[in-house]
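Just so we're on the same page: letters track the sequence lines, and every chain starts at 1.
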Amino acid sequence: MLASPLRMHIPDGFLTPAIAVIGWAIAVAIIVLALRQTRRQLDDRMVPMMGVLAAFIFAAQAINFPVAAGTSGHLIGASLAAIVMGPWAATLIMTAVLVVQGLLFQDGGLVVMGWNVVNMGVVAAFSGCLTYTLARRLAGESRVAILAASFAAGWISVVIASLAAAIELAASGTSPLTLAVAAMGSVHALIGIGEGIITAAAVGLLLVSRPELLKAGATAPGGRTATLVLVGLAVGLLVAAFSPLASPSPDGLEAVAESQNFLGLGQAAPYRILPDYTVPFIAHPALTTIAAVMLGTLVVFGGAVLVGRAATRRQASRG
Amino acid sequence: MHFDLADQYRPRPSFVHHLDPRVKVVVALAFILAAGLMPIGAWGGYAALLILALGASLTSGLGPIFALRRSYVALPFALVALPLVFTVPGEVVYHTPLTGWTITAQGLERFLSLMLRSWIAIQAAILLTAVTPFPDVLWALGTLRFPRLLVATIGFMYRYFFVLADEATRMLRARAARSGEVGGRRKTPALWQARVAGHMVGSLFLRALERSERVHAAMLARGYNGQMPNLAQRAMRRMDWLVILAALLLLVGLLAWARPF
Amino acid sequence: MHHTIEVRRLSFAYPDGFQALRGVDLHVSPGEKVALVGPNGAGKSTLILHLNGILRGQGEVQVCGLPMEDENLGRIRASVGLVFQDPDDQLFSPSVREDVAFGPMYMGLTEDEVGRRVQRALTSVGMPESAARVPHHLSGGEKKRIAVATVLAMEPEILVLDEPTAGLDPRGRRGLIRLLAELPQTMLVSTHDLRMVQELFSRTVVLDQGQVVADGPTDGLMADAALLAAHGLEA
């Protein structure tokens with residue numbers, strides 16, 4: 001049984017019914033769009049392919065690797081699905097996975113499933129795809145560029161998705177915003193490394209075995225719509241984060257949160273919080289943590305592009 | 001392996017098992033919603049919901065502790081809500097000795113309410129899968145206007161996830177079989193292990209994709225043209241309507257009682 | 001004389017309750033080549049999975065003098081090379097070299113030694129030039145041979161193979177039989193291919209419904225038509 005911070009599946013009861021319903025509305029709208037786009041992309045291959053790939057994601061989440069002291073890392077998979085199949089198909093795949101996980105294994109609630117689909121399907125898949133596409137366009141065609149872009153896509157998708165989940169939890173009054181963002185963000189920054197490596201290695205194997213698959217993902221339809229949806233969601237979530245809906249961080253929080261062992265109760269991973277996530281000149285603590293996460297995202301993205309570009313240039317000069 | 005591949009459905013000759021799947025899905029969802037709508041600190045309301053869940057469990061022939069045994073799944077997520085104990089303002093109840101944090105009564109109440117509601121909700125989800133075969137749940141979702149393509153996709157996922165989970169298991173065993181040790185070896189770095197895991201994931205992906213191509217070919221060979229066949233029709237019996245009505249009335253009544261206006 | 005594989009009163013039931021092994025006894029001496037035959041569902045694969053600790057049942061299992069315990073698993077897996085039935089389950093790297101190198105690398109050997117072992121293993125299976133090939137692009141027979149190579153690279157004392165000739169065309173099958181004949185390790189091979197058994201293995205163990213029903217010289221067993229018929233075997 002993986003401890004909760006390692007899963008982003010929000011259980012029932014952790015979000016208010018009002019917010020849960022909003023999540024469903026968003027999820028349904030996007031799923032309808034996704035069905036249409038995927039139908040255009042895959043036609044009658046759609047149902048068996050999406051279904052079997054959803055089964056793959058579920059099975060792949062069990063492939064772990066030892067990290068340290070008995071913990072192990074594993075894959076969430078939205079970014080891999082998005083890289084190979086495009087963002088809309090990936091959303092459908094993740095939806096199928098989440099429905100089965102929620103219904104059969106109570107992994108994630110039923111009423112809050114809308115938001116789980118949005119986080120682990122839409123947000124993760126779209127941000128992963130966007131990262132990958134942008135990074136590749138900037139970094140070129142070399143194998144290293146593709147792997148670096150895949151790594152960035154994996155990491156960023158996980159971190160951004162966890163950020164979204166944190167905002168939803170805060171907006172429901174389940175967790176103070178600053179703490180939720182800091183905790184989820186930091187844990188998933190670590191998990192994201194595993195996701196990035198696994199995604200990159202998987203893409204590497206596909207590149208060698210069936211390179212034409214990656215071309216297909218790159219030309220999946222609806223890229224522009226996907227970007228718009230993602231941006232829209234991001235704006236919506238950020239607005240929600242700072243609206244009166246979100247719990248204000250009480251003054252005592254900084255002092256409370258400074259202590260390292262605060263969330264070390266039980267078997268949770270030791271959270272590294274506030275001090276490491278403060279960008280000095282911004283006043284509001286929640287804004288600070290979110291800004292820190294976005295900064296981390298930019299750094300990873302930029303790093304991937306630079307590495308990729310260097311490799312592409314080297315490859316080109318070798319002829 | 002973090003998933004238990006045993007099917008969650010428990011066949012029993014009970015009244016609940018014979019109900020139309022739509023009834024069970026709707027009632028379960030309504031129950032979960034009701035749990036979420038219960039106010040903070042409505043202990044009576046929570047107890048009433050628990051009794052309802054217990055009643056459902058007993059009527060289904062599953063015994064009183066069936067759902068209780070499996071509902072620990074939400075527990076780890078409790079850590080996310082734990083800060084509430086410290087951060088909700090109110091009447092201070094306890095000062096932690098070493099760090100001087102304050103625990104408030106309101107904070108405890110909030111936290112406990114959240115955990116209880118979540119736990120109660122999970123009972124409903126567990127019972128739903130125990131009394132309804134998954135294909136029936138899917139069918140119910142289809143009749144409740146879930147997009148048919150999505151329902152069909154989920155059906156395929158269900159059909160093939162045992163197969164793919166098996167492949168993943170065998171890959172993991174093959175890796176374990178080659179994970180040998182010779183005296184005094186240096187530890188293999190996590191980075192390398194992660195790469196290997198990634199390669200395994202990539203291989204599994206390829207096999208899944210190619211399997212899906214074979215499945216597609218088999219479907220075409222049997223006349224499939226991308227159109228989903230119409231869902232089987234089932235009539236709701238009077239008993240089915242009665243149960244839905246009774247359940248909804250009961251839940252609304254409970255909520256009204258627990259939320260004095 | 002110390003046995004290389006020693007199994008005593010091994011019983012095992014799967015989580016769903018199915019009793020796969022009922023008190024199996026098996027002793028294999030160093031250098032022996034033993035065939036394990038029996039109908040589907042007899043427990044052959046289950047028994048094999050006990051030999052490197054992937055499954056743990058009741059009873060005693062000792063391999064290369066090491067009792068099957070958590071602390072010995074690493075060394076046991078280095079001594080027992082298990083080749084599974086479906087090579088696709090075993091070949092999961094982007095290149096043949098990486099797949100064959102996995103075992104030695106996991107063992108923490110130096111790069112030079114890993115390189116040497118990879119080359120030796122590939123040569124043993126008759127594919128010395130294949131290091132750079134992509135496993136996904138190999139034929140069925142080639143995959144089987146590389147799967148054997150991935151295990152040979154660990155230089156195990158014992159080789160255990162699960163249905164090595166299943167799914168191979170006659171040429172692939174012939175190649176694999178020739179390979180098995182040349183390998184010097186102690187061998188336990190589970191198979192339905194009784195013609196291969198008669199060619200390669202001097203001793204045969206018959207498993208049915210989780211129990212050993214016969215264990216002795218292959219020639220004698222193969223001549224016993226009643227025995228074969230009773231356990232779903234056809235020579």
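- Here the side chains of A:Leu205 and B:Phe205 are not in contact, with every heavy-atom distance at 4.5 Å or above.
- Atom CE of B:Met157 is separated from atom CG of A:Leu92 by 13.0 Å, given to the nearest 0.5 angstrom.
- The most heavy-atom pairs under 4.5 Å with chain A, out of B:Leu141, B:Val215, B:Leu29, B:Leu206, come from B:Leu206.
- Residue A:Arg45 holds its CZ atom at 10.5 Å from CG of B:Leu220, rounded to the nearest 0.5 Å.
- Contact annotation for A:Val97: both backbone and side-chain heavy atoms come within less than 4.5 Å of a heavy atom of chain B.
- Shortest non-hydrogen contact noted between B:Ala168 and A:Ala59 is CB-O, 3.9 Å.
- Interface residue B:Met219: only side-chain heavy atoms are found under 4.5 Å from chain A.
- Looking at B:Ala125, both its backbone and its side chain come within 4.5 Å of chain A, counting heavy atoms on both sides.
- The two residues B:Leu114 and A:Gly13 make their nearest non-hydrogen contact at CG-O, 3.7 Å.
- Heavy atoms closer than 4.5 Å to chain A are found in both the backbone and the side chain of B:Ser203.
- Among all heavy-atom pairs drawn from B:Ala208 and A:Val52, the shortest one is O-CG1, 3.3 Å.
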Handout entry: Trace of the side-chain contact (heavy atoms from CB on, under 4.5 Å) decision for A:Thr95 with B:Leu150
Key = CA-CA 9 Å; A:Thr95 303; B:Leu150 185 62; 4.2 Å; yes

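- Neither the backbone nor the side chain of B:Glu167 comes within less than 4.5 Å of any heavy atom in chain A.
- One finds the CG atom of B:Leu209 at 5.5 Å from the CZ atom of A:Arg210 (value rounded to the nearest 0.5 Å).
- A:Val47 touches chain B through backbone and side chain together, each having a heavy atom under 4.5 Å away.
- Neither the backbone nor the side chain of A:Ile93 comes within contact range of chain B; no heavy atom of the residue lies under 4.5 Å from a heavy atom of that chain.
- Contacts between B:Ile120 and chain A at a heavy-atom distance below 4.5 Å are absent for every atom of the residue.
- Neither the backbone nor the side chain of A:Leu15 comes within less than 4.5 Å of any heavy atom in chain B.
- Nearest heavy atom pair, residue A:Pro48 against residue B:Ser212, reads O-CB, 3.9 Å.
- Remark: B:Ile32 CD1 to A:Leu110 CG distance equals 4.0 Å, nearest 0.5 Å.
- Neither the backbone nor the side chain of B:Arg159 has a heavy atom closer than 4.5 Å to any heavy atom of chain A.
- If you tally non-hydrogen atom pairs under 4.5 Å between each of B:Leu128, B:Leu204, B:Ile154, B:Val163 and chain A, the highest count goes to B:Leu204.
- For A:Leu206, the part lying under 4.5 angstrom from a heavy atom of chain B is the side chain only.
- The 12-atom threshold is exceeded at CZ of B:Arg148, counting heavy atoms of other residues, nucleotides or ligands nearer than 6.0 Å.
- When each of B:Ala197, B:Ala194, B:Gly202 is checked for heavy-atom pairs under 4.5 Å with chain A, B:Ala194 comes out on top.
- No side-chain donor-acceptor contact under 3.5 Å links B:Thr153 to the backbone of A:Gly51.
- Between A:Gln106 atom CD and B:Gln123 atom CD the span is 10.0 Å, to the nearest 0.5 Å.
- Note that OH of B:Tyr224 and CG of A:Asp44 are 6.0 Å apart. Values are rounded to the nearest 0.5 Å.
- The greatest number of non-hydrogen atom pairs below 4.5 Å with chain A, out of B:Leu33, B:Val196, B:Leu164, B:Leu37, is found for B:Leu164.
- Neither the backbone nor the side chain of B:Leu138 comes within contact range of chain A; no heavy atom of the residue lies under 4.5 Å from a heavy atom of that chain.
- For a residue to count as touching a neighbouring chain, one of its non-hydrogen atoms must lie under 4.5 Å from one of that chain's; by this rule B:Val137 touches chain A with the side chain only.
- At a threshold of 4.5 Å between non-hydrogen side-chain atoms, the residues A:Leu103 and B:Tyr158 do not count as touching.
- In terms of heavy-atom pairs under 4.5 Å with chain A, the best-connected choice from B:His199, B:Met171, B:Arg117 is B:His199.
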